[in-house]
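Have a look at the structure below before the remarks.
When a residue number appears, it is its place in the shown sequence, counting from 1.
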Amino acid sequence: MKRILMVATGGTIASMPEADGTGLAPALTGEELAGYVPQARGLCDLDIVQPMNIDSTNMRPSDWKRIAATIMDAYDNYDGFVVLHGTDTMAYTAAALSYLIQGSPKPIVLTGSQQPMANPFTDAKLNLYQSLLYATDDDSHDVSIVFGGSVIVGTRAHKQRTMSFNAFTSVNYPLPAIIRNDRIVREGREGMTIPGAMDGGSAQQAGRPRVYERLDEHVVVVRLTPGLGPGILDALGPDYDAVILETFGIGGIPECKGAHFEQAIFDWIDCGKTIVLTTQVSEEGLDLGVYEVGSAYANEPAILRGDDMTTEALVAKTMWALGQTREPAEVAKLFYRPVNHDRAVR
């Protein structure tokens with residue numbers, strides 16, 4: 001029987017109503033959550049740790065590093081890991097763990113629920129059971145989210161719905177598996193690359209994952225809206241090292257009277273800061289060369305292009321890349337290197 005470590009961090013799955021009527025807040029421990037799913041003990045030898053018990057709205061990059069450290073401290077003693085997490089920032093944490101723990105031969109699975117575990121109509125029991133089932137499967141590896149019967153690559157998840165049990169969607173990448181009750185279905189679906197395959201290796205040859213500990217937290221997302229002026233970059237300059245700019249459509253950046261985004265963007269780069277261009281449209285990605293309003297940025301190597309990546313992955317990857325180096329060419333090299341299927345290989 002495989003050994004699985006469950007890392008409980010809080011979230012809706014652990015929440016109970018506050019006595020003062022202020023709403024739900026994490027209260028149940030990991031041990032208590034496991035007690036609601038006695039079938040889990042028949043799947044694996046289960047151990048539980050609780051590094052935090054917070055609403056995922058309060059999850060910070062320092063907490064990502066704490067979760068990663070908890071996993072790596074126990075890595076050699078377990079066959080897989082299940083992280084219980086709130087849904088609101090789960091996609092960010094899944095992406096962050098994909099960069100902090102790269103190419104893991106052992107599965108690192110995140111899950112949670114839309115309804116608390118103690119709710120009579122909860123989705124928590126099945127999500128927890130199926131996550132443990134997936135974590136014990138021989139073909140599972142790397143970071144993923146298991147939720148509502150879908151397995152989503154850790155860098156491709158986006159929370160699409162606030163109440164429905166199929167809360168997450170996979171953006172620009174197929175599901176590597178679905179789970180029907182207690183059966184994992186992979187046939188006819190594109191599987192995840194075996195860790196180490198980019199280096200010509202296999203899961204057995206890869207051994208341990210590549211582990212990183214540093215992140216630059218000074219990264220911000222700016223979504224263009226009609227009328228927003230380029231002065232926003234000047235306002236952000238004192239506090240941030242990188243901006244992820246969500247453009248219109250396939251890559252449109254407006255031309256403003258009297259002030260120009262083009263000048264503001266190149267001034268930002270000239271100050272030694274990083275800018276990433278992406279699209280605020282979820283599906284199909286960025287192509288700056290299609291329209292005149294994006295063409296000025298299409299061939300500038302200092303401007304990083306998000307292509308078909310999710311904003312959640314872009315935030316985590318930019319933090320990770322800047323955490324390793326501040327040399328622009330090296331940042332770009334790390335940024336464009338595919339990790340856990342985070343971007344299409346061109």
Side-chain angles (χ1 to χ4, degrees), residues 61 64-65 68 91-104 142-143 153-158 171-173 193 195 197-199 209-224 233 236-237 240-247 250-251 253 265-282 284-289 294 296-346:
W64 300 340
K65 291 189 286 187
Y92 287 96
T93 299
L97 291 178
S98 296
Y99 300 117
L100 292 170
I101 306 173
Q102 295 187 21
S104 174
D142 222 320
V143 180
V153 171
T155 60
R156 291 292 190 166
H158 174 71
V171 178
N172 296 324
Y173 196 80
T193 302
M198 73 170 63
D199 303 317
R210 296 181 298 277
V211 180
Y212 299 86
E213 298 178 352
R214 296 188 302 276
L215 297 170
D216 182 344
E217 300 181 18
H218 301 286
V219 175
V220 66
V221 177
V222 174
R223 171 174 281 216
L224 290 180
L233 294 181
L236 294 170
Y240 293 96
D241 298 323
V243 166
I244 297 166
L245 188 64
E246 291 189 335
T247 68
I250 203 168
I253 297 175
I265 287 171
F266 282 96
D267 286 347
W268 180 272
I269 294 169
D270 290 341
C271 289
K273 296 179 181 291
T274 299
I275 192 158
V276 179
L277 299 186
T278 185
T279 171
Q280 55 192 262
V281 181
S282 295
E284 299 179 352
L286 181 85
D287 188 342
L288 293 169
Y297 315 98
N299 298 311
E300 174 51 58
I303 295 175
L304 303 180
R305 299 176 304 282
D307 294 333
D308 69 340
M309 292 178 67
T310 67
T311 295
E312 293 91 337
L314 287 171
V315 169
K317 193 168 195 179
T318 304
M319 288 184 178
W320 165 71
L322 290 175
Q324 314 315 308
T325 179
R326 302 306 296 271
E327 174 58 40
E330 291 301 312
V331 170
K333 183 178 178 180
L334 291 174
F335 182 83
Y336 287 122
R337 191 182 82 193
V339 176
N340 195 15
H341 307 285
D342 62 353
R343 63 188 301 122
V345 179
R346 297 178 183 243

Where do V331 and T325 come nearest, in terms of heavy atoms and distance?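 Heavy-atom minimum between the residues: CG2-O, 3.4 Å.
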Crowded around E213 CD? As in, over 12 foreign heavy atoms under 6.0 Å? no
Sequence neighbours excluded, which residues qualify as salt bridge (Lys or Arg N to Asp or Glu O under 4.0 Å) partners of R326?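 In terms of salt bridge (Lys or Arg N to Asp or Glu O under 4.0 Å), with neighbours along the sequence ignored, R326 is linked to D216, D241.
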Residues two or more places apart in sequence or in another chain: which of them pass ring-ring contact (aromatic ring centres under 6.0 Å, His included) with W320? Y99, Y212
So which pairs with a foot in residues 265-281 pass salt bridge (charged side-chain N to carboxylate O under 4.0 Å, His left out), sequence neighbours left out?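 Sorted pair list comes back empty.
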By the salt bridge (charged side-chain N to carboxylate O under 4.0 Å, His left out) test, which pairs, at least two apart or in different chains, include something from residues 94-104?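 Output for this query is empty, none listed.
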Side-chain heavy atoms of [X] within contact of [Y], under 4.5 Å:
X	Y	result
T274	Y240	no
I265	I253	yes
M309	T155	no
D308	R156	yes
L100	L215	yes

Only counting residues at least two apart or in another chain, list the ones meeting side-chain hydrogen bond (donor to acceptor under 3.5 Å, both in side chains) with Q102.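 Once residues adjacent in sequence are excluded, the partners of Q102 under the side-chain hydrogen bond (donor to acceptor under 3.5 Å, both in side chains) criterion are R337.
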Among all residues two or more places apart in sequence or in another chain, which pass the side-chain hydrogen bond (donor to acceptor under 3.5 Å, both in side chains) test with T93?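 Listed in chain order: W64, H85.
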V221 backbone acceptor or donor facing E246 side chain under 3.5 Å: no
Checking the side chain of Y336 only, and the main-chain atoms of R305 only, is there a donor and an acceptor separated by less than 3.5 Å?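 Such a contact is found between Y336 side chain and R305 backbone.
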